[in-house]
Structure formats: structure tokens, C-alpha cells
Amino acid sequence: MNLERLRQLQPCLWTLPRAPGEERAQVLLYGSAPLLVSMDDKVLEQIANVASLPGLVGAAMTMPDAHWGYGFPIGGVAAFDAEQGGVISAGGVGFDISCGIRCLRSNLNLEDAVEHFPQLGKALFRAIPAGVGEEGEIKLNPEQLDQVMHGGAHWAVQQGYGTPADLDYVEEQGRVAGAIPENVSELAKKRQRGEMGTLGSGNHYLEVQVVDRIFDPGVALALGLHEGQILISIHCGSRGLGHQIGTDYLVLLAKAASRSGIHLPDRELACAPVKSPEGQQYIGAMNAAINCALANRQILTHLTRSVFTEIYPQAELETLFDVSHNTCKAETHQIDGESRLLYVHRKGATRAFGPGHPMLPERYRQVGQPVVIGGSMGTGSYILVGDSENPAFASSSHGAGRAMSRHQALARWKGRALVDELAQQGILIHTRSMRGVAEEAPGAYKDVDLVAEATEEAGLARRVAFLRPKVCVKG
DNA sequence: ATGTTC
């Protein structure tokens with residue numbers, strides 16, 4: 001990205017000035033100069049397109065980890081007011097609806113656990129189905145799948161996967177209202193019947209990590225984190241169900257946009273007014289997929305616990321938090337002193353409520369919502385908490401963010417060599433797809449340290465802990 | 001992200 005096209009407002013805040021005659025809302029880009037320089041110009045084009053959609057409130061924004069996506073950039077945040085013709089966009093949520101990260105804290109320390117890492121890695125790899133189209137032990141009939149879509153993580157706990165205490169620390173307390181399984185196609189449901197409790201592919205992973213550095217001891221204490229502690233992060237989404245909903249509704253919403261007279265600068269921005277039959281239909285289907293993803297991560301939490309107690313009989317794993325980063329949520333925000341209901345699209349961006357937010361569990365109310373920036377498998381991840389001054393509709397970065405395409409990564413790295421190299425660094429990778437490993441090469445991602453620094457500098461979220469990867473089951 | 005190209 002050529003920074004000369006931008007105007008810098010603050011050290012980590014930039015805007016794209018409008019061209020003469022260009023009619024759109026403001027565009028704001030959060031991030032440091034080195035991060036923005038490495039971004040594709042497509043990010044600018046895409047976020048400017050988003051800023052031209054009807055009913056946008058404030059600015060269309062990108063987070064420090066943004067990169068080129070389908071229609072909307074990944075790392076894009078856009079809020080719409082239904083009362084002002086605001087829209088809902090399938091491309092603004094993404095194909096992997098409610099993809100997110102469940103983070104578990106353990107009572108194990110590195111020195112107690114390290115000896116059995118090879119055994120742990122093998123056992124996790126056996127227990128956690130991963131890869132494209134990979135199915136698990138659970139096969140659901142249509143009625144049970146409807147229950148998943150309504151019940152989310154609550155359904156999973158009722159089935160014996162995990163404990164009610166987990167639910168307190170899952171976004172939305174484990175389920176969203178407003179799911180309408182009838183709005184989900186039979187094909188989408190069919191694809192999901194065997195995919196509950198599976199990781200998927202691409203950048204999805206289950207990673208055993210060690211707390212390597214604490215940035216804020218007070219907040220770390222509130223989050224139950226300390227140096228040397230073993231954590232587990234589970235990154236996955238709504239699998240075939242969410243993907244098929246995305247595919248189905250892109251077509252429907254494109255027609256709806258045309259019928260509603262909405263000009264789409266890019267057909268990938270397919271959207272409909274929130275207050276339209278198609279918009280409402282998509283929201284019902286999307287909420288069903290959100291609950292599916294929450295249930296999926298709950299089941300994987302249970303499977304992870306089973307493996308850990310097999311290897312480490314004394315192990316106890318508690319849910320630290322579960323955050324989605326591909327959603328649209330109806331939320332109340334203060335706009336110029338006025339309380340307004342907005343439809344906040346976060347695509348490759350996490351919610352990041354600051355201290356005192358009423359939707360936070362009691363335990364975290366004083367410190368703010370835990371935010372996870374998932375890194376690449378070779379570098380590390382960050383735990384942060386929402387900043388009370390967050391200027392981006394309570395949104396923050398979600399990961400390191402790709403720095404190059406999968407295609408470019410494949411041309412540059414070989415999966416086997418990467419696995420060997422990482423093993424030398426004490427990071428054990430288990431995968432069915434060496435091609436996937438090459439696509440996910442640590443070097444294909446932005447520097448996660450720069451992303452976390454910029455996230456804090458921009459006032460989006462504050463760093464609490466840095467986690468170093470030790471064992472990784474890769475999708 | 002994805003029964004990895006309808």
C-alpha cells in the first residue's frame with residue numbers, strides 16, 4: 001500500500017481522503033506505517049467500497065491485521081443503522097461464519113508438561129478430526145442439527161460436552177438469539193451432519209501454548225494467567241454449514257440489492273437492507289451458523305480435555321474465553337451521545353468490549369473482554385483485553401493476518417521442511433496436509449508482534465500476555 | 001474458509 005494516498009491522523013490511525021466527486025463515508029485504517037506498507041492496495045479499494053454502502057454509521061474501518069478478502073477486507077469493521085437503510089452483507093461476515101478462537105487455561109506448567117508433548121501431540125491428532133471434509137464421531141439427524149442451530153454451546157453442554165461453567169466465558173454466554181434453521185438450505189444442513197467436533201482446514205488449528213511473557217500482571221491475575229502456564233487455543237468455525245450459507249446467500253442478496261436499487265461497486269459486496277425480507281432471512285441463517293460454531297468449539301473443548309486427562313491425570317482445563325471473529329451482531333453503541341442499535345459487521349475482527357461492559361462475565365467486568373490475536377504456528381499469539389476508549393465499535397484485530405497469498409506461499413515453502421524446521425525450535429506440528437502447512441508458513445503472515453503493538457497503540461485493546469506455540473494440530 | 005474448480 002502506498003502511504004502517500006493516505007493521511008495520517010495519529011501514530012496508528014490513517015484515513016483515505018475522498019477523490020473529487022466521490023460519495024462515500026469516511027475510511028479509517030488502524031495500524032502502524034510498516035503494517036500498512038505491507039498491505040495490498042486491494043484493501044483500500046475494498047474498504048472504500050464498503051464506505052459507499054447505504055446506512056453506514058461513522059467510518060468503514062480496517063484493523064491492523066487487514067488483508068484482501070471476498071468483497072470486504074478481512075480485518076474490516078462496518079456498522080449500519082437499519083433505520084437509515086443500513087444493510088447486512090454476507091461478504092461482510094465471511095464464508096466461515098463465526099469462525100473464532102476458544103482459549104483454555106490449564107493448571108499445568110511447561111516444566112511439568114514438556115516431557116509428554118510428543119505423546120500429547122499424537123493423542124490430540126488422533127482425537128481431533130482435522131482437514132477438508134473430515135468428519136467426526138458425531139452424526140446428527142435433522143432434528144438434532146436444528147437443536148444445534150438453536151442451542152449453540154448450550155446444546156453441546158446438555159449433550160455432555162463440557163460443563164455449564166464454560167458457558168459463562170463464551171461470547172453471548174454460548175448462544176445467540178434469532179437463529180432460524182428454516183432459513184438454512186438442506187444442502188448446508190447435509191454438509192454439517194458429520195462435521196460437528198471437527199477443526200476444518202486452512203488456518204484452523206488446535207495449539208498447545210505456553211505463557212511466555214506477561215505485559216500487565218494485574219489483568220493477567222484477573223484472567224488467571226501466569227508465566228510458564230500451559231494454554232490451549234482452538235481456532236475453527238461453522239465448517240460446511242457456514243460455508244454453504246455464505247454461498248447460498250451471496251446469490252440471494254445480490255438479487256435483493258438489485259431489487260432494492262443498491263448500487264454495488266463490487267458484486268462481491270452483495271447485501272440487502274436489514275429491513276428487507278432477504279436481509280432478515282440471512283440474519284436468521286447467520287445466527288444459526290453462529291450457534292453451530294459455538295457448539296463446535298464446545299465439543300472440541302471436551303475432546304481436548306479428554307486427551308489432556310489421559311496424558312496428564314492432574315490436568316484441569318477451564319475456558320478462558322471464546323471469541324468469534326466473523327459475525328454481524330446487533331449492538332447498542334453511543335453515537336454522538338445518542339444510544340443507537342447498529343448492525344456491526346466484523347470480518348476477521350473480534351469484538352473487544354472495554355471494562356465495565358454489562359455483557360461481560362462478572363470475573364472480567366473490571367478488566368475488559370479477553371481478546372485473542374491468533375498468530376501463525378511458528379511465532380505466537382497474544383491475549384489482550386478491550387480498551388475502554390476503543391474507537392472502532394468495540395472491535396480489535398483477530399490474528400497476524402496474511403502477508404502473502406496461499407499461492408505465493410506454496411511457491412516459496414515446502415511443508416515437510418517447515419515441519420522439520422519448527423521441530424528444531426521445539427514446536428511439534430501434526431497435520432494431514434503438508435500443502436496446508438506450506439500455505440500457512442509463518443513467513444506468509446504479518447509479524448504478530450507488530451500487529452499486537454499497533455492494536456494497543458491504536459487504542460483498540462491492551463496487551464496482557466504473549467503465548468508461544470509448543471504443539472499444534474493443523475487443519 | 002470450502003465435499004480446496006459449477
Side-chain angles (χ1 to χ4, degrees), chain A residues 46 65-76 89-102 129-136 139-140 145 184-206 234-252 254 267-268 270 285-286 288-290 292-294 296-297 300 323-328 345-350 374 376-377 398-402 404-411 415 431-441 444-445 473-475:
Chain A
Q46 291 192 320
D65 55 339
H67 55 110
W68 181 8
Y70 185 94
F72 279 57
I74 294 163
S89 165
V93 172
F95 278 86
D96 190 6
I97 298 168
S98 197
C99 181
I101 298 182
R102 168 76 69 109
V132 173
E134 198 67 30
E135 299 202 341
K139 310 290 176 197
L140 299 182
L145 193 57
V184 178
S185 69
E186 287 307 313
L187 179 58
K189 292 174 184 172
K190 185 180 158 207
R191 284 180 64 175
Q192 193 59 30
R193 285 181 59 179
E195 289 191 336
M196 294 308 298
T198 68
L199 208 50
S201 65
N203 66 359
H204 291 168
Y205 58 76
L206 184 151
I234 302 168
H235 178 206
C236 64
S238 52
R239 308 288 286 104
L241 184 102
H243 188 268
Q244 190 61 47
I245 290 171
T247 304
D248 293 339
Y249 276 92
L250 278 169
V251 178
L252 188 77
R267 56 188 288 279
E268 293 184 358
M286 176 195 66
I290 289 177
C292 173
L294 295 178
N296 194 28
R297 291 195 288 274
L300 289 167
V323 280
S324 296
H325 50 230
N326 277 0
T327 59
C328 179
H345 293 66
R346 297 187 183 90
K347 180 187 188 180
T350 64
S376 69
M377 59 192 157
H398 81 307
R402 291 199 81 89
M404 68 174 73
S405 70
R406 292 178 185 280
H407 188 76
Q408 288 172 303
L410 275 176
T431 182
R432 283 175 180 79
S433 170
M434 283 302 163
R435 177 196 165 106
V437 169
E439 288 181 349
E440 295 297 317
Y445 281 82
V473 175
K474 193 73 189 149

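All chains are named by letter (A, B, ...) in the order of the sequence lines, taking the proteins before the strands, and each is independently numbered beginning at 1.
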key: Distance in angstrom units between A:D248 CG and B:dC6 C1', rounded   = 14 Å
request  = Using atom CZ of A:R432 as one end and atom P of B:dT4 as the other, report the distance to the nearest whole Å.
outcome  = 17 Å
ask   = So, does A:T350 use its side chain to make a donor-acceptor pair with the main chain of A:V323 at under 3.5 Å?
value = no
key: Euclidean distance, atom CD of residue A:E135 to atom C1' of B:dT2 [Å, nearest integer]   = 14 Å
task = Let me know the distance between NZ of A:K474 and C1' of B:dT4, rounded to the nearest Å.
result = 15 Å
Between B:dT2 (C1') and A:F95 (CZ): distance, integer Å = 8 Å
task = Would you indicate what A:G436 reaches in the nucleic acid, counting non-hydrogen atoms under 4.0 angstrom: base, sugar-phosphate, or nothing?
result = nothing
task = Starting at atom OH of A:Y249, determine the distance to atom P of B:dT2, rounded to an integer number of angstrom.
result = 20 Å
query = A:L410 near the nucleic acid: base, sugar-phosphate alone, or nothing, with a heavy-atom cut-off under 4.0 Å?
reply = nothing
query = Under 4.0 Å: is that the gap between some side-chain N or O of A:S201 and OP1 or OP2 of B:dT2?
reply = yes
inquiry  = Under a 3.5 Å distance rule, please check whether A:N326 uses its side chain to pair with a backbone N or O of A:G94 as donor and acceptor.
reply    = no
request  = Round to the nearest Å and state the distance from A:L250 atom CG to B:dC6 atom P.
outcome  = 15 Å
ask   = Could you give the NZ-to-P distance, from A:K190 to B:dT2, as a whole number of Å?
value = 18 Å
request  = Go through the structure and list residues passing side-chain contact (heavy atoms from CB on, under 4.5 Å) with A:R267, not counting sequence neighbours.
outcome  = none
query = Among all residues two or more places apart in sequence or in another chain, which pass the ring pair (Phe, Tyr, Trp, His ring centres under 6.0 Å) test with A:H204?
reply = A:H235
query = Quick one: is A:R406 getting a side-chain N or O under 4.0 Å of the B:dT4 phosphate, OP1 or OP2?
reply = no
